[in-house]
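Remarks on the structure that follows.
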Amino acid sequence: MSDSFDLIVIGAGHAGCEAAAVAARLGRNVALITLSLAQIARLSCNPAVGGLAKGNLVREIDALGGLMGHVADATCIQFRRLNTRKGLAVQASRAQVDIDEYPREMQRRLQEIKGLTLIEGEVTAIHTDGGTITGVQVSDGTDYSCPKVILTAGTFLAGLLHCGDEQTIGGRVGDGAAHKLSDSLRQIGIRLGRLKTGTPPRLDARTIHWDRLDTQNDTLPEGRFSFSKPKDRMRQITCHMTYTNEEIHESIRGAIHRSPLYNGTIKGTGPRYCPSIEDKVVRFPERNRHVIFLEPEGLNSQRVYVNGLSTSLPKDIQDTMVAAVPGLEDAVIMQYGYAVEYDYADPTDLGPDLQHKAIVGLFLAGQVNGTSGYEEAAAQGLVAGISAAQDRVFHVERSEGYIGVLIDDLVTRGVGGEPYRMFTSRAEHRLLLREDNADRRLMPRGRQLGLIDDEMWHDFQAKLQDIERGQQVLAAAKIFPNPATLARLEASGLGGLKGPATGEEMLRRPACTWQKLGGFIDLPDISAAAAEQIEIDVKYAGYVARATRRAQSAQKMDAVKLPPNVDWRAVDTLSWEIRDRLNATQPTTLGQVGRIPGITPAAVNAVANWLTKRRAAAPK
């Protein structure tokens, strides 16, 4: 094995897998070093991919040539479409995946990539020389040289597990932690903080009274994330629902002093938007019940993930809680819930390529940047891998993708002392960033990078041609209000017609669908995906046009570049507070200035005026 690489990726979670895979596919000689090769791409928490806003990230990763969507589709055991009663901008896909098959499928794909070497070991130190990466050292003393490192340590940096008053060193149950690496990062100047996340108990499926539980019926058996249809599909399963009650809440209140989250044992801040059950009971005392989703972990596993019951309460309290849940009266806990506390690096120290501003060649991606979730991690890994492999910033605009929103939020705003989770509300251009158009938004960029193969690109081009054919027919075809047509329109629930209408005008009606329109117009034979896109484009045309104008205005601000390494303390037209914020962040565009917390519109104008004067004073 060589001891020299173009790039070394530390950690083989979801960020590490995407980073290593894409960098190797772009022609770099890459090493992926992980504590355990058997644990590559392990689903440490819930065995699911996607969800609200997260599904957008998965589709975007796929459109750029990443792996997550393909692997999720190949190992999916239940696919759901969320928020279907709401607008398209907030609808989302979520796949329950097989907890054993997902890592196997990811490992298989990684092993097929030329130029990618998998190494089992614990990285204990990152070497630098004059602020530039030179290599890493593993626990057996072996040194590997490289000019670039992507750190994707997840929850393993000084990881500590909490279950009541029990504490165990580890990044997740059954694994160790990386304490020496944390020390090494501090030595080279990385600012670290402390965060917390948690996981619920796992139950034995054979001890659950399934007949007493509600089933989830909003499933989509043929649903998928990737543009490419999977060759095989796994058997689909049913997930169930139940609820907590006042008896459970009372037991939690009585034991809250034993919770490491509330008695001061845990120092790190947990995710506000994915709280533990004890957090829910304390913060929402008016709620007399909370929903619980029972999600089988795999087709060949008896373990059931209890989504909604994340906790670090002692085991005896967990026993009491579970036994009081309807349908779980006799359930056996196979693994108790726990919290994990870990080190993270301040992402405001990173540039838009996720490279550290003070250490050349060091990139950070995933939960080490303070994020929460597999999808956020994978998206960061993809950006860091492409940037590191290309030797230039790979940038997605906020108006171009949720990936752009994620990265810009991290490097501009930071995580605010709590794990960052992606939401549709974080995307000001979310009407443009729907799941359904991720391929049209980003696949051309993936193809330009060389990450979209010929077959996938051919299918994408065929879809675009179908859309164009359908739009042409809609614009040309007309429906006339004769008695027979009016009667059929009324019977179809499409309303009346005072004069001739084009197919496009008819499709704009809320009750009209592509299928219904086919009863009045000779529509072309096109794919269901193309038909869906045409219908969405027509119905949302006015809204999309307004959103596009707003996005273009924002892009103009982002097109105004700021010089690097500005000493903002010398800009006396700004308050000292604003100068400190700008110095800490070092924004690269005028648009980014406006997104820094605490920066007022007046301060943005002052920066713009300063920039104009600076340019005017520059030598011609």
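What's counted below: heavy atoms across the whole structure, side chains too, no hydrogens, waters or symmetry copies.
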Backbone N/O of [Y] and side chain of [X]: donor-acceptor pair under 3.5 Å:
X      : Y      : result
Glu375 : Val58  : no
Thr242 : Gly327 : no
Ser184 : Lys180 : no
Ser312 : His162 : no
Asn369 : Pro347 : no
Gln137 : Asp143 : no
Thr128 : Gly131 : no
Lys54  : Phe423 : no
Lys315 : Gly337 : no
Ser251 : Ile248 : yes

- Query: After noting the C-alpha distance and the side-chain angles of Leu82 and Leu52, does the key distance pass the side-chain contact (heavy atoms from CB on, under 4.5 Å) rule?
  - Reply: CA-CA 7 Å; Leu82 311 178; Leu52 301 179; 4.0 Å; yes

Give, for atom [atom1] of [X] and atom [atom2] of [Y], the distance between the pair rounded to the nearest 0.5 Å.
X      : Y      : atom1 : atom2 : result
Thr155 : Leu160 : OG1   : CG    : 11.0 Å
Met234 : Gln96  : CE    : CD    : 11.5 Å
Asp204 : Gln302 : CG    : CD    : 6.0 Å
Leu328 : Trp210 : CG    : CH2   : 8.5 Å
Thr197 : Glu418 : OG1   : CD    : 11.5 Å
His257 : Tyr262 : NE2   : OH    : 14.5 Å

For residues [X] and [Y], is any side-chain donor paired with an opposing acceptor at under 3.5 Å?
X      : Y      : result
Gln380 : Thr371 : yes
Glu247 : Asn245 : no
Glu278 : Thr311 : yes
Asp353 : His395 : no

Going by heavy atoms in the side chains, are [X] and [Y] under 4.5 Å from each other?
X      : Y      : result
Leu181 : Phe156 : no
Pro296 : Ser301 : no
Leu185 : Leu151 : yes
Pro419 : Val415 : no
Thr320 : Gln318 : no
Phe363 : Thr152 : no
Thr244 : His249 : yes
Thr265 : Gln167 : yes

- Smallest separation among heavy atoms of Asp343 and Ser182, with atom names: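 Shortest heavy-atom contact: OD2-OG, 2.9 Å.
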
- Message: Can you list everything that forms a salt bridge (Lys or Arg N to Asp or Glu O under 4.0 Å) with Arg595? Sequence neighbours excluded, please.
- Response: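 In terms of salt bridge (Lys or Arg N to Asp or Glu O under 4.0 Å), with neighbours along the sequence ignored, Arg595 is linked to Asp408, Asp558.
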
- Output all residues satisfying salt bridge (Lys or Arg N to Asp or Glu O under 4.0 Å) with Glu120, sequence neighbours left out; order by chain, then residue number.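 In terms of salt bridge (Lys or Arg N to Asp or Glu O under 4.0 Å), with neighbours along the sequence ignored, Glu120 is linked to no residue.
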
- Message: For a side-chain contact (heavy atoms from CB on, under 4.5 Å) check, start with the C-alpha distance between Met241 and Val291, then their side-chain angles and the critical distance, and finish with the verdict.
- Response: CA-CA 7 Å; Met241 300 164 55; Val291 67; 3.9 Å; yes

- Task: Kindly determine whether Asn307 and Ile292 satisfy side-chain contact (heavy atoms from CB on, under 4.5 Å), including the steps that lead there.
- Result: CA-CA 6 Å; Asn307 195 340; Ile292 293 173; over 6 Å; no

- Go through the structure and list residues passing ring-ring contact (aromatic ring centres under 6.0 Å, His included) with Tyr402, not counting sequence neighbours.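 Once residues adjacent in sequence are excluded, Tyr402 has no partner under the ring-ring contact (aromatic ring centres under 6.0 Å, His included) criterion.
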
- Query: What residues form a ring-ring contact (aromatic ring centres under 6.0 Å, His included) with Tyr102, not counting sequence neighbours?
  - Reply: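 For Tyr102 the ring-ring contact (aromatic ring centres under 6.0 Å, His included) partners, ignoring immediate neighbours, are His14.
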
Is it the case that more than 12 heavy atoms not belonging to [X] sit under 6.0 Å from its [atom1] atom?
X      : atom1 : result
Lys357 : NZ    : yes
Asp140 : CG    : yes
Asp165 : CG    : no

Is [Y] paired with [X] through a side-chain N to carboxylate O contact shorter than 4.0 Å?
X      : Y      : answer
Arg202 : Glu297 : yes
Arg289 : Glu246 : no
Asp316 : Arg258 : yes
Glu329 : Arg212 : yes
Asp346 : Arg191 : yes

- Item | From Arg224, Arg94, Arg430, Arg59, residue fulfilling salt bridge (charged side-chain N to carboxylate O under 4.0 Å, His left out) relative to Glu435 |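 The single option meeting the salt bridge (charged side-chain N to carboxylate O under 4.0 Å, His left out) with Glu435 is Arg59.
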
- Can you run down the salt bridge (charged side-chain N to carboxylate O under 4.0 Å, His left out) pairs that involve residues 97-107, sequence neighbours left out, and say none if there aren't any?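 Output for this query lists Glu101-Arg104, Glu105-Arg108, Glu105-Arg109.
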
- Message: Using a 6.0 Å distance limit plus a 45 degree cone around the ring axis, check whether Arg426 lies over the aromatic ring of Tyr420.
- Response: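 So Arg426 does make the cation-pi contact.
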
Donor-acceptor list for residues 61-75 side chains, cut-off 3.5 Å, not counting sequence neighbours:
from, atom 1, to, atom 2, distance (Å)
Asp62, OD1, His70, NE2, 3.1
Asp62, OD1, Ser226, OG, 2.8
Asp62, OD2, Phe227, N, 2.9
His70, ND1, Ser226, OG, 3.3
Asp73, OD1, Phe225, N, 2.8
Asp73, OD2, Phe225, N, 3.2
Asp73, OD2, Ser226, N, 2.8
Thr75, OG1, Val71, O, 2.8

- Ile150 and Leu362: side-chain contact (heavy atoms from CB on, under 4.5 Å), yes or no, with the steps? CA-CA 6 Å; Ile150 301 179; Leu362 177 61; over 6 Å; no

- Taking His179 as the fixed residue, which of Ile169, Thr124, Leu157 is the one that meets the side chain to side chain contact (heavy atoms under 4.5 Å, CB included) rule?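 Answer to the side chain to side chain contact (heavy atoms under 4.5 Å, CB included) test with His179 among Ile169, Thr124, Leu157: Ile169.
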
